[in-house]
Amino acid sequence: MFTAKENSQCKRFHEVAGSLGFSKGRRGSHFSSAHRRQALMSREQFSLSVALVVKGAFDDGILHDFAEKTGFEPVIEWAPTTVILASLEKGSRPDGVIVTDDALAGLVREGIVASDASIPLVASKIGIGVSRGAEHPDIATVKALRDTLLNARSVAYSLGGQSGLYFAPLLERLGIADVVNARATRIPAGFSAEKLRTGEADIAVQQISELLAIEGTEIVGAFPEEIQKVTVFSGAPLADSPQREKVEAFLAFLRQPKSAERFRKSGLEPQ
């Protein structure tokens, strides 16, 4: 049995997808065979700029399932929200974006995204990861986390992502910035857990879903609630996109129950 929220999300997907050529039969909603063949043959595409936080879930089958149902192919540029905003400021115009709520609100104010177009997708927490098989340090309390960071050989974190923008000032608040940063492995953007694989760091800090996106990473846990930062990510088509309906269909697809399962599997909470 679906919840009322899940039923509403399915209904929205069918409404939007119907305008793109879906038909509904005994086996559910699907593209008419002629329209789907045309889409597959022409490889109809639309472009998205997407925050790294959802990459694990997308790669786990969301993109494949959407293409199978529709014949449409999202062409994705993966980047931290800060990089996506900088690209938009320079004139880049994808058909849609998936970024933080705060960033999307700014795009609405600038008229880049319509005020009624935002679709909430997932909430994300910051956590710590280690290499598979490594000892899991204690991070159950603020003091335990502080001690773990001080005792780490090297802490890897991203300067450009949402986690890094929060973590760097947090180190200052905890009074350990100088000690931790003296041997930290800081990257401008990307996945901090990559530095676990190379051996450059023994602890990685990032959004939990981004840590899980790197094979061989084990999650120690989320930051203690007292210092946790929950970030909500939403999507929207750009106001002037000629592919608006395709973007809307994809965002509605992301709110279906099967997509929600994949988000949870990757450490995210569907909204």
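The basis for the numbers below is simple: all heavy atoms, side chains too, and nothing from hydrogens, waters or symmetry mates.
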Would you mind reporting whether [Y] and [X] have side-chain heavy atoms less than 4.5 Å apart?
| X | Y | answer |
| --- | --- | --- |
| Glu269 | Val230 | no |
| Ser209 | Val53 | yes |
| Leu171 | Val155 | no |
| Val130 | Pro137 | yes |
| Val50 | Val97 | no |
| Tyr166 | Thr231 | no |
| Arg255 | Ile119 | yes |
| Phe263 | Val54 | yes |

Can you name the nearest heavy-atom pair linking [X] to [Y], along with the distance?
| X | Y | value |
| --- | --- | --- |
| Asp65 | Arg262 | OD2-NH1, 2.7 Å |
| Leu145 | Pro224 | CD2-CD, 3.9 Å |
| Leu85 | Ala103 | CD1-CB, 3.7 Å |
| Ser158 | Ala189 | OG-CA, 3.5 Å |
| Ala152 | Ile203 | CB-CD1, 3.8 Å |
| Pro80 | Gly161 | CB-CA, 3.9 Å |

Starting from [Y], can I reach [X] by hopping between I/L/V/M/F/W/Y residues whose side chains sit under 4.5 Å apart?
| X | Y | result |
| --- | --- | --- |
| Leu251 | Val232 | no |
| Leu268 | Val220 | no |
| Leu52 | Leu212 | no |
| Tyr157 | Ile219 | no |
| Leu165 | Ile208 | no |

Interatomic distance, [X] atom [atom1] to [Y] atom [atom2] [nearest 0.5 angstrom]:
| X | Y | atom1 | atom2 | result |
| --- | --- | --- | --- | --- |
| Gln45 | Glu73 | CD | CD | 4.5 Å |
| Ile126 | Gln162 | CD1 | CD | 8.5 Å |
| Asp202 | Leu196 | CG | CG | 8.0 Å |
| Ile84 | Glu89 | CD1 | CD | 14.0 Å |
| Arg173 | Ile176 | CZ | CD1 | 11.5 Å |

Would you please name every residue forming a salt bridge (Lys or Arg N to Asp or Glu O under 4.0 Å) with Glu226, sequence neighbours left out?
none
Partners of Asp59 by salt bridge (Lys or Arg N to Asp or Glu O under 4.0 Å), sequence neighbours excluded?
Lys55
Which residues end up grouped with Val75 if you chain together Ile, Leu, Val, Met, Phe, Trp and Tyr wherever their side-chain heavy atoms are less than 4.5 Å apart?
none
What pairs of residues pass the ring-ring contact (aromatic ring centres under 6.0 Å, His included) test when at least one of them lies in residues 187-241, not counting sequence neighbours?
none
Check: [X] side chain, [Y] main-chain N or O, donor-acceptor pair, under 3.5 Å:
| X | Y | result |
| --- | --- | --- |
| Arg186 | Ala156 | no |
| Asp60 | Gly56 | no |
| Asp95 | Ser47 | yes |
| Thr217 | Gly129 | no |
| Gln228 | Ala222 | no |
| Arg244 | Leu238 | no |
| Ser49 | Pro94 | no |

Can Phe58 and Leu254 be said to form a side-chain contact (heavy atoms from CB on, under 4.5 Å), step by step?
CA-CA 9 Å; Phe58 277 29; Leu254 296 181; 3.8 Å; yes
Would Lys246 and Phe72 count as a cation-pi pair here, with the cationic atom under 6.0 angstrom from the ring centre and within 45° of the axis?
yes
Does the gap between the ring centers of Phe66 and Phe250 come in under 6.0 Å?
yes
I'd like to know whether Ser241 forms a side-chain hydrogen bond (donor to acceptor under 3.5 Å, both in side chains) with Gln243, so could you lay out the CA-CA distance, the side-chain angles of the two residues, the decisive distance to 0.1 Å, and finally the verdict.
CA-CA 5 Å; Ser241 170; Gln243 306 287 356; over 6 Å; no
Basic-acidic side-chain contact under 4.0 Å: Lys265, Glu261
no
Knowing that exactly one of Thr100, Asp101, Asp102 qualifies, which makes a side chain to side chain donor-acceptor pair (under 3.5 Å) with Ser234?
Asp101
So if I apply the side chain to side chain donor-acceptor pair (under 3.5 Å) rule between Ser192 and each of Glu210, Gln207, Gln206, which one comes out positive?
Gln206
Under the side-chain contact (heavy atoms from CB on, under 4.5 Å) rule, what do Val205 and Leu211 come out as? Steps first, then yes or no, please.
CA-CA 8 Å; Val205 173; Leu211 294 171; over 6 Å; no
Residues at least two apart in sequence or cross-chain that pass side chain to side chain contact (heavy atoms under 4.5 Å, CB included) with Glu110, listed by chain then number, are Leu107, Ile112
Identify, with sequence neighbours excluded, every residue that meets side chain to side chain contact (heavy atoms under 4.5 Å, CB included) alongside His64.
Glu68
Would you please test Val83 and Trp78 for side-chain contact (heavy atoms from CB on, under 4.5 Å) and show each step?
CA-CA 9 Å; Val83 175; Trp78 295 101; over 6 Å; no
What do the steps show when you test Glu200 against Arg183 for salt bridge (charged side-chain N to carboxylate O under 4.0 Å, His left out), and what is the final call?
CA-CA 10 Å; Glu200 295 172 73; Arg183 53 180 185 265; over 6 Å; no
For a quick check under 3.5 Å, do Thr185 and Ser154 share a side-chain donor-acceptor pair by atom type?
yes
